[in-house]
There are 2 protein chains.
Amino acid sequence: MDTVTRIAQEGTFLSDSHTGVPVASVSVAEVPEGGHSPCACKTVTEILSRVGDKWSMQVVMSLAGGTLRFNELRRAIDGISQRMLTRTLRGLERDGLVERTVTPSVPPRVDYALTALGRSLRQPVAELGQWALQNREMIVTARERFDAEDDS
Amino acid sequence: MDTVTRIAQEGTFLSDSHTGVPVASVSVAEVPEGGHSPCACKTVTEILSRVGDKWSMQVVMSLAGGTLRFNELRRAIDGISQRMLTRTLRGLERDGLVERTVTPSVPPRVDYALTALGRSLRQPVAELGQWALQNREMIVTARERFDAEDDS
DNA sequence: CGGCATCCGAATGGATACTG
DNA sequence: CAGTATCCATTCGGATGCCG
């Protein structure tokens with residue numbers, strides 16, 4: 001078993017064994033060797049933080065239905081400011097998740113669409129979204145109980 | 001600061017000063033029903049931000065293998081400070097993802113373990129982790145290309 | 001051992017105004 | 001229409017010191 005697989009399955013990120021997850025083979029590129037690479041873990045954390053930022057996934061999900069223009073996106077995502085939409089789109093473009101197409105007309109037209117990489121992200125994010133929806137009641141309840149104890 | 005004030009201000013997951021405990025955000029529910037509720041989206045976004053914060057998922061995955069004590073966790077997660085580990089654990093405990101068990105001995109012993117809810121989160125998060133690992137090369141490459149164009 | 005309190009720089013993100 | 005630029009409040013997160 002290579003290092004990356006091990007990390008994915010049970011390394012730092014998935015902790016030790018007995019999670020019940022069978023080891024599957026994953027095609028891998030290179031691994032720096034030296035057992036468990038902190039670099040991989042760092043990368044994963046970094047990518048997770050992009051997923052977790054306030055607007056990125058809302059943009060991705062808004063673009064899941066197809067290409068949208070800047071202001072279409074802005075209207076589709078409630079509460080986002082122009083500044084944050086710009087910044088978020090730049091970040092997604094930089095990571096290769098979104099493609100930006102400029103049509104130099106008057107007025108200018110800029111279209112945003114998911115790349116193949118961006119589309120591949122929809123699935124895992126949607127599953128996390130499912131989890132969130134299915135468990136939000138439990139979480140809210142847990143919070144209330146916790147805060148109640150805290151007050152006393 | 002009292003809980004009422006904290007809740008009123010509606011923060012993110014890990015907020016409040018010092019060792020403050022995460023602040024509530026999900027307002028009382030009520031889904032207008034019909035396709036796409038802004039509330040649901042808000043909840044999902046909020047939970048994604050918990051997933052995306054710097055340490056929460058590393059803690060969850062470290063606990064995937066079983067109960068750990070405070071300093072065991074600290075050693076398991078490279079680079080985490082004591083303060084952030086405490087804050088992260090409080091946040092996870094508040095959300096009902098982690099259970100904290102205190103054994104009043106000398107020296108004190110505190111065990112942390114995933115709850116059923118916390119365990120149910122492992123799967124979707126692990127899938128996102130898989131995605132991150134499998135695509136990190138592409139992302140890094142995309143970033144380099146983007147930054148290179150930017151320079152010119 | 002397992003915290004909490006304090007200080008502080010860095011990053012996030014909203015509001016507003018201006019531009020090609 | 002699709003941005004930039006500026007300012008500003010809030011929050012994140014590390015370092016350090018103290019405590020039961």
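Residue numbers start from 1 in every chain, and the chains themselves are labelled A, B, ... in the order their sequence lines are given, proteins ahead of strands.
Contacts between residues 54-69 of chain A and DNA chain D, counted as heavy-atom distances below 4.0 Å, involve A/Arg69.
The CG atom of B/Asp53 sits 17 Å away from the C1' atom of D/dT10 (whole-angstrom rounding). B/Gln82 has its CD atom 11 Å from the C1' atom of D/dG17, to the nearest Å. If you measure from atom CE of B/Met84 to atom P of D/dA15, you get 12 Å, rounded to the nearest angstrom. For the pair A/Ile80 CD1 and C/dG13 C1', the computed distance is 10 Å after rounding to whole Å. Atoms CZ (B/Arg83) and C1' (D/dT11) sit 10 Å apart, rounded to a whole Å. Between B/Arg74 atom CZ and C/dC4 atom P the separation is 13 Å, expressed in whole Å. For the pair A/Arg87 CZ and C/dT12 P, the interatomic distance rounds to 7 Å; values are reported in whole Å. Nucleotide C/dG3 holds its P atom 13 Å from the CZ atom of B/Arg109, rounded to whole Å.
Map B/Pro107 and A/Gly79 each onto its nearest nucleotide of DNA chain C; the residue landing nearer the 5' end is B/Pro107.
Proximity note for B/Arg100 (side chain, C-beta onward) versus D/dA2, C/dG14, C/dG3: the nearest is C/dG3. Side chain of B/Phe70, nearest nucleotide from C/dG2, D/dG3, C/dG14: C/dG2. Of the candidate nucleotides D/dA2, D/dG14, C/dG3, C/dG3 has the atom nearest to the side chain of B/Thr86.
Hydrophobic clustering, with ILVMFWY side chains joined whenever heavy atoms are under 4.5 angstrom apart, groups B/Leu97 together with B/Val102.
When the side-chain nitrogen and oxygen atoms of A/Tyr112 are compared with OP1 and OP2 of D/dC1, none of them lie within a distance under 4.0 Å.
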Inset, instruction - Kindly indicate, with the supporting measurements, whether the criterion side chain to side chain contact (heavy atoms under 4.5 Å, CB included) is fulfilled by A/Glu127 and A/Gln123. - result: CA-CA 6 Å; A/Glu127 282 174 26; A/Gln123 176 76 9; 2.8 Å; yes
Legend entry - side chain to side chain contact (heavy atoms under 4.5 Å, CB included) assessment of A/Leu92 paired with A/Leu114: CA-CA 9 Å; A/Leu92 293 170; A/Leu114 293 182; over 6 Å; no
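Remark: B/Glu46 engages A/Arg143 in a salt bridge, criterion side-chain N to carboxylate O under 4.0 Å.
Counting heavy atoms from C-beta on, the side chains of A/Leu128 and B/Ile47 never come closer than 4.5 Å. In this structure the side chain of A/Trp131 never reaches within 4.5 angstrom of the side chain of B/Val125, judged on heavy atoms. Residues A/Leu117 and A/Asp95 form no side-chain contact, since every pair of their non-hydrogen atoms from C-beta on lies 4.5 Å or further apart.
The residue A/Arg90 sits close only to the backbone: its heavy atoms come under 4.0 Å of sugar-phosphate atoms, none of a base.
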